[in-house]
There are 2 protein chains.
Amino acid sequence: MSLRHALLGLLDVAPMSGYTLLKQFDRSVAYVWQAPHSQIYPELRRMEADGLIVGHAEPRGSHATRRTYSITIAGRDELRRWVEEPTAAQPERDIAHLKATYFEFGSFENARNQFRAHMLSHEQLQRKWEAHVESLLNRSTVLLKLRLSTAPPGMHEPIVAYKVHVYQGLVQRAKDEVAWAKAGLELVDHLEATCAATPFTAQAAI
Amino acid sequence: MSLRHALLGLLDVAPMSGYTLLKQFDRSVAYVWQAPHSQIYPELRRMEADGLIVGHAEPRGSHATRRTYSITIAGRDELRRWVEEPTAAQPERDIAHLKATYFEFGSFENARNQFRAHMLSHEQLQRKWEAHVESLLNRSTVLLKLRLSTAPPGMHEPIVAYKVHVYQGLVQRAKDEVAWAKAGLELVDHLEATCAATPFTAQAAI
DNA sequence: ACAGCCATGTAAGTCGTTACATGATTGC
DNA sequence: GCAATCATGTAACGACTTACATGGCTGT
């Protein structure tokens with residue numbers, strides 16, 4: 001249940017409405033844990049039911065309401081408990097690598113397209129994460145400013161440093177993926193040059 | 001629906017019973033796409049219903065049966081279609097990095113433990129993947145031998161090379177994770193040395 | 001008036017996890 | 001006889017995706 005803790009982390013910075021939370025989420029934690037609004041709104045309701053947050057509704061227009069949530073003591077305890085809990089290893093589940101395992105079923109051109117797309121999307125991720133590292137180092141994001149404004153000065157360095165470390169790690173990871181895809185492109189060139197270019201069509205099937 | 005295609009890839013090598021499939025799965029594709037038997041058995045039934053594989057039941061003992069599945073032409077077509085289909089980017093969802101983002105909520109000792117555990121588990125993954133690269137290069141796995149024995153010789157190099165490339169990529173990734181965790185440990189040492197060691201306890205909560 | 005963003009939800013369906021359940025065969 | 005491994009499932013629940021649905025506010 002990581003979405004819950006991602007949200008608790010945000011609400012620990014400041015009380016927020018669902019929508020504001022959503023927007024802040026998209027420009028921070030979503031970089032490591034994505035979730036659509038259709039998952040977030042119901043989760044907030046469940047968290048309120050579990051006493052981790054409290055929401056109070058203000059009228060918005062004639063029919064609609066806006067709910068603003070604040071974290072509770074129980075919520076802070078839960079966040080802390082989760083941070084201190086041992087983290088289970090994530091099950092490996094990687095479509096790009098799975099598919100690459102089976103590239104012999106497609107053409108060389110397909111393998112090239114797949115590697116190229118992989119390269120492009122990870123170059124984009126790299127840029128996004130690099131920009132985030134920058135804004136963390138500048139302490140220029142809304143959320144970080146708010147967080148630092150209420151945290152004891154002695155905690156400022158850790159608060160920033162852990163996040164920077166995370167996003168630098170992701171930048172490195174993206175670079176690797178780009179390098180992997182590039183090496184893949186070279187591999188395809190090599191294979192195409194050395195192999196009889198007959199596409200793989202298999203034997204007897206029912 | 002990647003599980004389906006992972007299974008099709010195995011059944012393309014040779015017809016197999018559910019259990020054999022399970023075992024071969026665990027020592028090959030599961031390295032990039034994990035799934036428990038409780039997911040695999042029903043999926044095989046669905047694939048049969050969709051005409052991608054055919055199963056025939058043989059009696060086993062007095063009550064039980066063993067079902068052996070073979071891939072169909074439609075199954076091969078579907079596998080090929082999937083390989084040639086553009087691959088959507090995976091949503092980012094990484095508990096270890098999410099949690100590290102919030103390490104300021106725990107103690108320095110906790111951060112150290114988390115980084116250490118991360119390091120150990122990725123060192124293990126690295127060794128597992130390195131061993132797999134070795135056995136692919138030696139062409140010594142059961143599945144690969146079978147595959148090569150029925151594939152045209154001109155395809156042998158691509159079949160092996162794509163898989164080797166995938167697992168080498170994963171080895172590199174694991175090395176990065178280890179390096180990230182090590183840098184994390186150094187960061188914690190640095191933070192502990194430079195910061196007043198007051199654990200972060202936050203302000204007003206309801 | 002219309003576009004664009006603010007704002008909050010529901011519903012159906014798929015995918016994945018964890019636990020439960022059962023029986024067969026092989027070798028010691 | 002017992003343990004290990006072979007072998008195949010079901011059930012309940014939780015997480016996630018995709019699509020549908022509705023209405024408010026602000027500026028042009």
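Labels below follow one simple rule: chain letters A, B, ... track the order of the sequence lines, proteins then strands, and each chain is numbered from 1.
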Chemist: If you only use heavy atoms from C-beta on, which nucleotide in C:dT8, D:dG9, D:dT18 is closest to the side chain of B:Arg45?
Modeler: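 When the side chain of B:Arg45 is considered, D:dG9 is the closest of C:dT8, D:dG9, D:dT18.
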Chemist: Assess whether a salt bridge exists between B:Glu78 and B:Arg81, defined as any Lys/Arg side-chain N lying under 4.0 Å from an Asp/Glu carboxylate O.
Modeler: yes
Chemist: For A:Arg67 and C:dG9, what is the distance between atoms CZ and P respectively, to the nearest whole Å?
Modeler: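 Interatomic distance, CZ of A:Arg67 to P of C:dG9: 7 Å.
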Chemist: How many whole angstroms separate atom CG of B:Leu44 from atom P of D:dT8?
Modeler: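 Between P of D:dT8 and CG of B:Leu44: 9 Å.
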Chemist: Figure out the OH/P separation between B:Tyr19 and D:dG9, and round it to whole Å.
Modeler: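 After rounding, the reported distance stands at 14 Å.
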Chemist: Between A:Gln39 (CD) and C:dT10 (C1'), how many Å, whole number?
Modeler: 14 Å
Chemist: State whether B:Arg116 and B:Glu109 are salt-bridged, where the test is any N-O pair (Lys NZ or Arg NE/NH1/NH2 against Asp/Glu carboxylate O) under 4.0 Å.
Modeler: yes
Chemist: Which whole-number value in Å describes the distance from A:Arg46 CZ to C:dT8 C1'?
Modeler: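 Answer to the nearest Å: 15 Å.
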Chemist: Go nucleotide by nucleotide along DNA chain D from the 5' end; which of B:Ser38 and B:Arg93 gets its closest nucleotide reached first?
Modeler: B:Ser38
Chemist: Atom CG of B:Leu7 to atom C1' of D:dT8: distance rounded to whole Å?
Modeler: 15 Å
Chemist: With a 4.0 Å cut-off on heavy atoms, is B:Pro91 in touch with a base, just the backbone sugar-phosphate, or nothing at all?
Modeler: sugar-phosphate
Chemist: Expressed in angstrom and rounded to an integer, what is the separation of B:Glu92 atom CD from D:dC16 atom P?
Modeler: 14 Å
Chemist: Kindly indicate whether the side chain of A:Thr65 and the base of C:dT8 share any N or O donor-acceptor pair separated by less than 3.5 Å?
Modeler: no
Chemist: Check whether B:Phe115 forms a cation-pi arrangement with B:Lys182 (NZ or CZ under 6.0 Å from the six-membered ring centre, at most 45° off the ring normal).
Modeler: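 Here B:Lys182 fails the 6.0 Å and 45° test against B:Phe115.
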Chemist: Among D:dT10, C:dC6, C:dG16, which nucleotide has an atom closest to any side-chain atom of A:Arg66?
Modeler: C:dC6
Chemist: So, is B:Tyr41 close to the D:dT8 phosphate, meaning a side-chain N or O under 4.0 Å from OP1 or OP2?
Modeler: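 Indeed, a polar side-chain atom of B:Tyr41 lies that close.
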Chemist: Given 3.5 Å as the limit, does a donor-acceptor pair link the side chain of A:His118 with the main chain of A:Val178, or not?
Modeler: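 No; judged by distance alone, with no hydrogens or angles, the pair does not exist.
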Chemist: What is the distance from CG of B:Asp50 to C1' of C:dT14, rounded to the nearest Å?
Modeler: 13 Å
Chemist: I want to know whether A:His97 and B:Trp33 have ring centres closer than 6.0 Å.
Modeler: no
